[in-house]
Number of protein chains: 2
Amino acid sequence: MAAIEPLDAPQRLAAQPLYAKVREALVGRLISGIWKPGQMLPSEFAIADELGVSQGTVRKALYEMTSQGLLIRRQGRGTFVNESEDKSILFRFYRLTSDDEQNVESRSFPQSKYLSRALQSANPQEQDLFNLESGAQVWHFERLRSENEQPILVEKLVLPQNRFPDLDEQKDLPNNVYRFYGAQYGIIVARVEEKLRAVTAPAHVSKHLGLKVNAPVLEIDRRAYALDGKIVEWRVSLCRSDTMHYRNELK
Amino acid sequence: MAAIEPLDAPQRLAAQPLYAKVREALVGRLISGIWKPGQMLPSEFAIADELGVSQGTVRKALYEMTSQGLLIRRQGRGTFVNESEDKSILFRFYRLTSDDEQNVESRSFPQSKYLSRALQSANPQEQDLFNLESGAQVWHFERLRSENEQPILVEKLVLPQNRFPDLDEQKDLPNNVYRFYGAQYGIIVARVEEKLRAVTAPAHVSKHLGLKVNAPVLEIDRRAYALDGKIVEWRVSLCRSDTMHYRNELK
DNA sequence: AAGTGGTCTAGACCACCGC
DNA sequence: CGGTGGTCTAGACCACTTA
């Protein structure tokens, strides 16, 4: 275990507060893997002694890491490295949940089956959305997503060709496209805006989802924004609403 | 200015922590208007002396109110009641927007027409939701909400009678019920959880909204949580989806 | 009973603001 | 300069969990 030298004494001289240094030291241990997911941390007093600060200072650092989701603290038990974090990043932008609310831990990320792929000229709406010249091209993908063998939704993805060149050489997009955008093109999706509506399922959608004709489905119209603030993906999903729902929390 | 008696001494006996009582006392002053938007609060030490607690305890209460957006604190200046909150707070939990996206500033808050009101025994689901004894009672309200003369949604509100006594003396609930909960009962809604589905409108709903039979509508099942983490309101709204949508942003 | 996190206190000093 | 919030400490006691 890598030794960590005692932090500076109380004087902080217009620099970082001491608890911030403590937090960084502790986050470092998480990153370096000294403390692994699920593992219990030493007690507040043990950490305080080791780093040469008071318990209260360690408390504040641990509190911040807890509200950030890195740690889980339970009175009488101890402080633990949050292991559900790894999974939850998968579900960051995925708000659909089965009605029979199984525990979040065991959830499986939905799989994808691609139905179609096309490169075509952007229509006026798409030109406006992606700020494209007339005649520029966009990719269209349609895919069916399923969770535990049950079909969940049919969705259309639209990507501007100029930010995603060379896609024609791919046989299919991978299942987790946002990870792919980052790994292949350096495009990090920072936030998404969604508009939700209830609509009547078109025939081919109700067929794919195994719904009866004219069944109501949830339409999610999503625009995904990269770190530079530009739209990088437009997505319209039609989701079954008989066994699934969209959950949201407002604060 | 209403005098506030000193809070209990350090012993808290399995009840609320002291800083929570301090926070409630301070929130009470905001609600009652003793402290008005933009006004500067007394110093931490002054509040601590008055309430008979230590500065650190007041700090924790002020910190929570700050992260909740009620207060603004500036080093060297003081602590102030947040005044920018007032407008946006109206739409804090209201995510429905007209499709013809007029500017947000000029939006009118939807009006309410109450359709029914009843006090009845809680069914098993309601008992479970509000953690009620068998035989406890709940209020049911049904109302139609409209924006600019157009009917938007029909919703059912369920409130536990034990947290909302004396409601039968009211002719109707006001339009902005969350403000009413705070002003009348000191209940601050801190967050809400929503589940969204697409459903087929029941006959009486499609009639109220002027939709054709079996039109798809957006169902929003909302549980509102008070500062103490307990559920204080259950609400199921059925919203027209032909001219409105639910907007959401994920980061 | 022992060990953990949670709360509370009293006091000290620092950094920032406005007069 | 005086007053404000921001940080830090040392010590005390409480509440919860596990053995």
Side-chain angles (χ1 to χ4, degrees), chain A residues 6-26 29-30 35 38-82, chain B residues 6-26 30 35 38-82 227-229:
Chain A
L7 303 171
D8 293 346
Q11 65 271 21
R12 42 191 188 76
L13 297 171
Q16 275 177 308
L18 189 51
Y19 68 79
K21 290 186 184 171
V22 172
R23 187 192 59 216
E24 287 182 5
L26 301 184
R29 298 190 184 187
L30 297 184
W35 290 333
Q39 185 175 339
M40 179 176 165
L41 268 59
S43 75
E44 296 177 346
F45 281 103
I47 297 175
D49 281 355
E50 187 194 354
L51 299 183
V53 302
S54 79
Q55 180 215 16
T57 303
V58 173
R59 269 193 86 70
K60 184 146 188 173
L62 293 176
Y63 175 79
E64 291 193 348
M65 294 170 71
T66 303
S67 33
Q68 204 186 330
L70 295 174
L71 302 177
I72 292 179
R73 317 192 71 194
R74 269 176 296 187
Q75 191 176 56
R77 294 274 317 269
T79 301
F80 302 84
V81 181
N82 187 351
Chain B
L7 303 171
D8 293 346
Q11 65 270 20
R12 42 190 188 76
L13 299 173
Q16 271 177 311
L18 188 52
Y19 67 79
K21 290 184 184 171
V22 172
R23 186 192 60 213
E24 288 184 6
L26 301 184
L30 296 184
W35 289 334
Q39 185 175 341
M40 179 178 167
L41 269 60
S43 76
E44 296 178 347
F45 280 104
I47 297 175
D49 281 354
E50 186 194 356
L51 299 182
V53 301
S54 79
Q55 180 214 16
T57 302
V58 173
R59 269 192 86 70
K60 185 147 187 171
L62 292 176
Y63 175 79
E64 290 195 347
M65 294 170 71
T66 303
S67 30
Q68 205 190 326
L70 295 175
L71 302 177
I72 292 179
R73 317 192 70 196
R74 269 176 294 188
Q75 192 176 54
R77 294 278 313 273
T79 301
F80 302 83
V81 182
N82 187 349
L227 280 175
D228 61 8

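Per chain, numbering begins at 1; letters A, B, ... match sequence-line order. Only a predicted model underlies this, so the values are computations on that prediction, with no experimental measurement involved.
The distance between atom CZ of A/Arg73 and atom P of C/dT4, rounded to the nearest whole Å, is 12 Å. The CD atom of A/Gln39 sits 15 Å away from the P atom of C/dT4 (whole-angstrom rounding). Rounding to whole angstrom units, CG of residue A/Leu62 and C1' of C/dG5 are separated by 10 Å. Atom NZ in B/Lys60 sits about 18 Å away from atom C1' in D/dG5, given to the nearest Å. If you take CD of A/Glu44 and P of C/dT7, they are 11 Å apart, rounded to a whole angstrom. Rounded to an integer number of Å, the gap from CD1 of B/Ile72 to C1' of D/dG5 is 14 Å. Whole-Å rounding puts the A/Leu41 CG to C/dG3 P distance at 19 Å. Atom CD of A/Glu64 is separated from atom P of D/dG6 by 13 Å (rounded to the nearest Å).
A/Tyr19 comes within 4.0 angstrom of the backbone, heavy atoms only, and of no base.
Looking at which nucleotide of DNA chain C each of B/Phe45 and A/Arg59 is closest to, the 5′-most match is held by A/Arg59. Toward the 5′ end of DNA chain D lies the nearest nucleotide of A/Ala20, the other residue of the pair A/Gln55 and A/Ala20 mapping further downstream.
End-to-end axis angle of the helix from C/dA1-D/dT18 to C/dG18-D/dC1, using five pairs per end and rounding to 10°, comes to 10°.
In terms of the side-chain contact (heavy atoms from CB on, under 4.5 Å) criterion, residue partners of B/Gln39 (sequence neighbours excluded) are, by chain and number, B/Trp35, B/Lys36. Here A/Glu24 pairs with A/Gln16 under the side-chain hydrogen bond (donor to acceptor under 3.5 Å, both in side chains) rule; sequence neighbours left out. Taking A/Ile72 as the reference, A/Arg74, A/Asn82 meet the side-chain contact (heavy atoms from CB on, under 4.5 Å) condition, with sequence neighbours excluded. Listed by chain and number, the residues in a salt bridge (Lys or Arg N to Asp or Glu O under 4.0 Å) with A/Glu64 are A/Arg23 (sequence neighbours excluded).
Taking CD1 of A/Ile47 as the reference point, atom CG of A/Leu62 lies at 5.0 Å (rounded to 0.5 Å). Note that NZ of B/Lys60 and OG1 of B/Thr57 are 9.5 Å apart. Values are rounded to the nearest 0.5 Å. Atom CG of residue A/Leu26 and atom CG of residue A/Leu71 lie 8.0 Å apart, to the nearest 0.5 angstrom.
Of the residues in residues 74-81 of chain A, those placing a heavy atom less than 4.0 Å from an atom of DNA chain D are A/Gln75, A/Gly76, A/Arg77, in numerical order.
Of the candidates C/dA12, C/dT9, D/dT9, the closest approach to any side-chain atom of A/Val53 belongs to D/dT9. You'll find that the side chain of A/Ser54 is closest to D/dT9, out of C/dT7, D/dT9, C/dG5. Considering only the side chain of B/Leu18, C/dT9 comes nearest among C/dG6, D/dC8, C/dT9.
In this structure, the side chains of B/Thr79 and B/Met65 stay at 4.5 Å or more apart for every pair of heavy atoms. The shortest side-chain heavy-atom distance between A/Arg29 and A/Leu41 does not fall under the 4.5 Å cut-off.
For B/Thr57, a side-chain nitrogen or oxygen approaches OP1 or OP2 of C/dT9 to under 4.0 Å.
Sequence neighbours left out, the pairs with a member in residues 39-49 of chain A that pass salt bridge (charged side-chain N to carboxylate O under 4.0 Å, His left out) are A/Glu44-A/Arg59, A/Glu44-A/Arg73.
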